[in-house]
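Hydrogens, waters and symmetry mates play no part in the numbers below; they use all other heavy atoms, side chains included.
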Amino acid sequence: MSKDTIGNLLTYIRNAGMNKKRTFRIPYTNISENIVKILLREGFIENMRKHQESNKYFLVLTLRHRRNRKVPDRKILNLKRISRPGLRIYSNYQGIPRILGGMGVVILSTSQGIMPDREARLKGIGGEILCYIW
């Protein structure tokens, strides 16, 4: 397992979506909990709960799937890691990109915590661009 917890989190979610898993668990960290809370607030994830198993904590996530099964299956959730341990990408609040004209979400790590792009623009603060989700 690599040291990139955000990259691991995005990979867990991407793999669960591709394998059509509804619930899965990920290792708990404060950063992963904050990112999952943003995904929950934005409607990409249906449910999240904290679970303890033999002195280790996990987050159990429930993905939101479409109810209409007549349409051919396609990826519902697209995730892209932007800033990584080898190359950090920073932006001020005016330079935060808009994904699909505002339909997607940019998650930033700011001086006031991890937050989505809309909230960072309203507060007028920039930070490190962690990932894109659409």
Side-chain angles (χ1 to χ4, degrees):
M1 189 153 167
S2 70
K3 301 280 185 189
D4 186 15
T5 57
I6 299 168
N8 288 340
L9 167 70
L10 298 178
T11 303
Y12 280 121
I13 294 171
R14 191 179 303 118
N15 288 343
M18 287 187 340
N19 290 331
K20 299 179 184 88
K21 282 192 173 185
R22 186 143 170 91
T23 57
F24 61 99
R25 69 180 196 175
I26 59 171
Y28 174 82
T29 62
N30 287 333
I31 294 173
S32 63
E33 182 183 27
N34 290 332
I35 291 174
V36 168
K37 282 181 182 177
I38 291 172
L39 293 176
L40 186 65
R41 224 178 334 165
E42 296 289 332
F44 292 110
I45 291 178
E46 190 173 312
N47 192 9
M48 172 196 77
R49 65 182 166 87
K50 197 172 177 182
H51 177 68
Q52 182 180 6
E53 189 174 296
S54 69
N55 213 7
K56 290 186 180 180
Y57 287 97
F58 295 96
L59 290 175
V60 179
L61 305 179
T62 305
L63 286 180
R64 182 176 301 272
H65 287 291
R66 290 185 305 196
R67 305 215 192 285
N68 184 2
R69 297 290 178 181
K70 295 177 183 176
V71 181
D73 287 329
R74 63 178 179 86
K75 289 199 297 188
I76 298 169
L77 193 60
N78 292 309
L79 307 125
K80 185 175 182 185
R81 177 84 158 109
I82 301 303
S83 185
R84 51 190 163 86
L87 179 65
R88 304 290 186 183
I89 306 294
Y90 297 95
S91 175
N92 59 6
Y93 76 97
Q94 294 140 341
I96 297 172
R98 294 186 190 271
I99 306 302
L100 292 178
M103 297 281 293
V105 178
V106 178
I107 297 180
L108 295 130
S109 175
T110 66
S111 59
Q112 297 180 9
I114 296 176
M115 63 181 66
D117 57 341
R118 291 179 197 97
E119 190 177 332
R121 281 191 197 99
L122 285 176
K123 291 184 177 181
I125 55 175
E128 182 182 353
I129 299 176
L130 297 178
C131 59
Y132 298 157
I133 299 164
W134 71 96

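- Note on V106: it clusters hydrophobically with Y93, by side-chain heavy-atom contacts below 4.5 Å among ILVMFWY residues.
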Can you give me every donor-acceptor pair (side chain of residues 24-34, partner residue at least two apart or in another chain, under 3.5 Å) with its distance?
unit_1: R25; atom_1: NH1; unit_2: E53; atom_2: OE1; d: 3.1
unit_1: R25; atom_1: NH1; unit_2: E53; atom_2: OE2; d: 3.4
unit_1: Y28; atom_1: OH; unit_2: N30; atom_2: OD1; d: 3.2
unit_1: Y28; atom_1: OH; unit_2: E33; atom_2: OE1; d: 2.8
unit_1: T29; atom_1: OG1; unit_2: S32; atom_2: N; d: 3.1
unit_1: T29; atom_1: OG1; unit_2: S32; atom_2: OG; d: 2.9
unit_1: S32; atom_1: OG; unit_2: T29; atom_2: N; d: 3.0
unit_1: S32; atom_1: OG; unit_2: T29; atom_2: O; d: 2.9
unit_1: N34; atom_1: ND2; unit_2: N30; atom_2: O; d: 3.2

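- The CD atom of Q52 sits 10.0 Å away from atom CZ of F58, with the distance rounded to the nearest 0.5 Å.
- Both F44 and L130 sit in one connected hydrophobic cluster of ILVMFWY residues. Membership requires side-chain heavy atoms under 4.5 Å apart, directly or through other members.
- Smallest separation of non-hydrogen atoms from G127 and L108: O-CD2, 4.0 Å.
- Scanning both residues, T62 and I45, for their nearest heavy atoms gives O-CG2, 3.3 Å.
- Distance check: I133 CD1 to K80 NZ gives 13.5 Å after rounding to the nearest 0.5 Å.
- Evaluation of the salt bridge (charged side-chain N to carboxylate O under 4.0 Å, His left out) rule for K123 yields E119 as partners, not counting sequence neighbours.
- Rounding to the nearest 0.5 angstrom, the gap separating the CD1 atom in I13 from the CG atom in L39 is 5.5 Å.
- Transitive grouping of hydrophobic side chains (ILVMFWY, heavy atoms separated by less than 4.5 Å) brings I99 and I129 into a common cluster.
- Heavy-atom neighbours of K50 NZ from other residues, nucleotides or ligands within 6.0 Å: above the threshold of 12.
- Following chains of ILVMFWY side-chain contacts shorter than 4.5 Å, one cannot reach L9 starting from M115, and the two form parts of different hydrophobic clusters.
- Residue L10 comes nearest to L79 through the heavy atom pair CD2-CD2, 3.5 Å, listed as atom of the first residue, atom of the second, then distance.
- Closest approach of I89 to S83, counting heavy atoms only: N-OG, 3.2 Å.
- Here the CD1-CD1 distance, from I114 to I6, works out to 6.0 Å after rounding to the nearest 0.5 Å.
- For the pair P116/E42, a side-chain contact is recorded, criterion being any heavy-atom separation below 4.5 Å from C-beta on.
- Between the side chain of R121 and the backbone N or O of I96 there is at least one donor-acceptor pair closer than 3.5 Å.
- Annotation for L63 and K21: closest pair CD1-O, 3.8 Å, computed over non-hydrogen atoms.
- Residue pairs satisfying the salt bridge (Lys or Arg N to Asp or Glu O under 4.0 Å) criterion with at least one member in residues 85-103, sequence neighbours excluded, are listed as follows: R88-E128.
- The NZ atom of K20 sits 14.5 Å away from the CZ atom of R22 when rounded to the nearest 0.5 Å.
- Note on Y90: it does not cluster hydrophobically with I35, by side-chain heavy-atom contacts below 4.5 Å among ILVMFWY residues.
- For the residue pair R118 and M103, the shortest heavy atom distance occurs at NH2-O, 4.3 Å.
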